[in-house]
Amino acid sequence: MNDSPTPPAPPSTGLSDEDEAILAFTPAPTCGRADGWTALRQTDFIHALAVMGTVTRACKAVGMSRQTAYKLRERPEAADFARAWDAALMMGYDRMFSMAMDRALNGVTRPRYYRGRQIGTITRPDFRMAMAALAEPPEVPQRHRKLTE
């Protein structure tokens with residue numbers, strides 16, 4: 001049992017203080033449903049988006065649907081949320097691009113087997129991921145996207 005007067009520290013998101021400052025936003029007002037887009041859920045979504053880089057995975061991480069996320073983004077009072085969304089999406093892309101370049105330059109280590117036993121490892125560069133990252137630049141966020149895209 002903890003009798004200290006200070007509350008426990010919140011869990012780390014894995015983002016730097018500078019990234020946290022960039023992603024800071026005022027949550028969009030909601031109707032107050034406990035299972036809806038609460039302020040905490042909006043913040044968690046933005047952090048997940050910055051780490052994962054895709055809307056679908058970030059929505060799954062916070063337990064919400066992609067359609068409701070886009071509906072929230074399109075609301076006029078959610079302009080700050082949309083700005084943070086765009087910044088988080090670019091951070092996620094930058095993170096994935098860095099990982100792809102690291103794999104291309106430093107390689108991927110894989111085990112080598114002979115007759116069912118591991119006899120060593122081999123490190124080879126993985127250029128496929130880097131080429132995919134270079135071939136498709138990040139999508140520029142658009143304010144008025146259709147929900148069916």
Side-chain angles (χ1 to χ4, degrees), residues 1-111 121-149:
M1 193 167 210
N2 189 358
D3 293 332
S4 66
T6 58
S12 174
T13 59
L15 300 172
S16 69
D17 291 337
E18 183 180 318
D19 289 345
E20 290 281 348
I22 292 170
L23 295 178
F25 71 101
T26 305
T30 57
C31 63
R33 289 180 53 161
D35 63 344
W37 281 100
T38 62
L40 178 61
R41 195 165 278 143
Q42 290 177 44
T43 304
D44 290 345
F45 170 77
I46 294 297
H47 288 152
L49 189 57
V51 171
M52 297 177 184
T54 65
V55 175
T56 303
R57 288 185 181 169
C59 285
K60 195 176 282 190
V62 297
M64 298 300 286
S65 73
R66 190 172 175 268
Q67 290 79 13
T68 60
Y70 278 104
K71 282 182 184 177
L72 176 64
R73 178 189 166 91
E74 292 300 319
R75 290 174 42 191
E77 61 270 13
D80 205 27
F81 175 73
R83 181 208 47 82
W85 178 318
D86 294 343
L89 203 55
M90 289 308 293
M91 279 183 195
Y93 174 78
D94 289 345
R95 177 185 224 119
M96 293 301 138
F97 184 81
S98 296
M99 288 171 52
M101 288 297 116
D102 181 59
R103 287 182 72 160
L105 297 174
N106 299 323
V108 179
T109 302
R110 295 188 180 151
T121 59
I122 187 167
T123 302
R124 290 188 179 160
D126 185 5
F127 293 115
R128 292 176 300 158
M129 217 169 151
M131 293 306 292
L134 290 171
E136 203 165 316
E139 180 181 325
V140 178
Q142 297 174 1
R143 183 73 179 132
H144 301 288
R145 284 179 60 174
K146 290 185 178 181
L147 296 178
T148 58
E149 288 184 8

Asker: To check you understand the geometry: which heavy-atom pair defines the closest contact between N106 and T123, and what is its length?
Answerer: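 For N106 and T123, the tightest heavy-atom pair comes out as O-CG2, 3.6 Å.
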
Asker: To the nearest 0.5 Å, what is the distance between OG1 (T54) and CG (L49)?
Answerer: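 Reported value, rounded in 0.5 Å steps: 7.5 Å.
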
Asker: For the atom pair CG (L72) and CD (E77), what is the distance rounded to the nearest 0.5 Å?
Answerer: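 One finds 8.5 Å between CG of L72 and CD of E77.
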
Asker: Roughly how far, to the nearest 0.5 Å, is the OG1 atom of T68 from the CZ atom of R41?
Answerer: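 R41 CZ to T68 OG1: 9.5 Å, rounded to 0.5 Å.
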
Asker: Using a 4.5 Å cut-off on heavy atoms from C-beta on, say whether the side chain of T30 contacts that of T38.
Answerer: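 Of all side-chain heavy-atom pairs linking T30 with T38, none is under 4.5 Å.
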
Asker: Hey, are the side chains of F45 and F81 touching, using non-hydrogen atoms and a 4.5 Å cut-off?
Answerer: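 Sidechains of F81 and F45: in contact.
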
Asker: Restricting to side-chain hydrogen bond (donor to acceptor under 3.5 Å, both in side chains), what partner residues turn up for D94, sequence neighbours left out?
Answerer: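 Partners of D94 by the side-chain hydrogen bond (donor to acceptor under 3.5 Å, both in side chains) criterion come out as none, since no residue qualifies.
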
Asker: What distance separates Q42 CD from D80 CG, expressed to the nearest 0.5 Å?
Answerer: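 Going from the CD atom of Q42 to the CG atom of D80 covers 10.0 Å.
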
Asker: Check this for me, if you would: do R83 and D86 make a salt bridge, where the nitrogen-to-carboxylate-oxygen distance has to be below 4.0 angstrom?
Answerer: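 Judged by the 4.0 Å cut-off on N to carboxylate O distance, R83 and D86 do not form a salt bridge.
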
Asker: Testing the basics here: between C59 and A69, what is the closest heavy-atom pair and its distance to 0.1 Å?
Answerer: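 Looking at all heavy atoms of both residues, the closest pair is SG-CB, 3.7 Å.
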
Asker: Pick one: which of M64, K71, R75 meets side chain to side chain contact (heavy atoms under 4.5 Å, CB included) with W37?
Answerer: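 The single option meeting the side chain to side chain contact (heavy atoms under 4.5 Å, CB included) with W37 is M64.
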
Asker: If we ignore hydrogens and angles and just use 3.5 Å, is the side chain of R103 paired with the main-chain N or O of V108 as donor and acceptor?
Answerer: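 It does not hold such a pair.
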
Asker: Has D44 got a side-chain atom pairing as donor or acceptor with V62's backbone, closer than 3.5 angstrom?
Answerer: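 No: the side chain of D44 does not pair with the backbone of V62.
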
Asker: How far apart are the closest heavy atoms of I46 and F25, and which atoms are they?
Answerer: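 So the two residues come closest at CG1-CE2, 3.6 Å.
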
Asker: Can you name the nearest heavy-atom pair linking A50 to L23, along with the distance?
Answerer: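 So the minimum-distance heavy-atom pair works out to CB-CD1, 3.7 Å.
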
Asker: Which atoms form the tightest heavy-atom contact between A104 and P125, and what is the distance?
Answerer: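 Closest approach of A104 to P125: O-CB, 3.3 Å.
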
Asker: At their closest point, which heavy atom of V51 faces which heavy atom of R95, and how far apart are they?
Answerer: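 Scanning both residues, the minimum pair turns out to be O-CD, 3.3 Å.
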
Asker: Taking atom CE as the centre, does M101 end up with more than 12 heavy-atom neighbours from other residues, nucleotides or ligands that are less than 6.0 angstrom away?
Answerer: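 Yes, the 6.0 Å shell around CE holds more than 12 heavy atoms from other groups.
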
Asker: Atom CE of M96 and atom CE of M52: how far apart are they, to the nearest 0.5 Å?
Answerer: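 Here the rounded value is 9.0 Å.
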
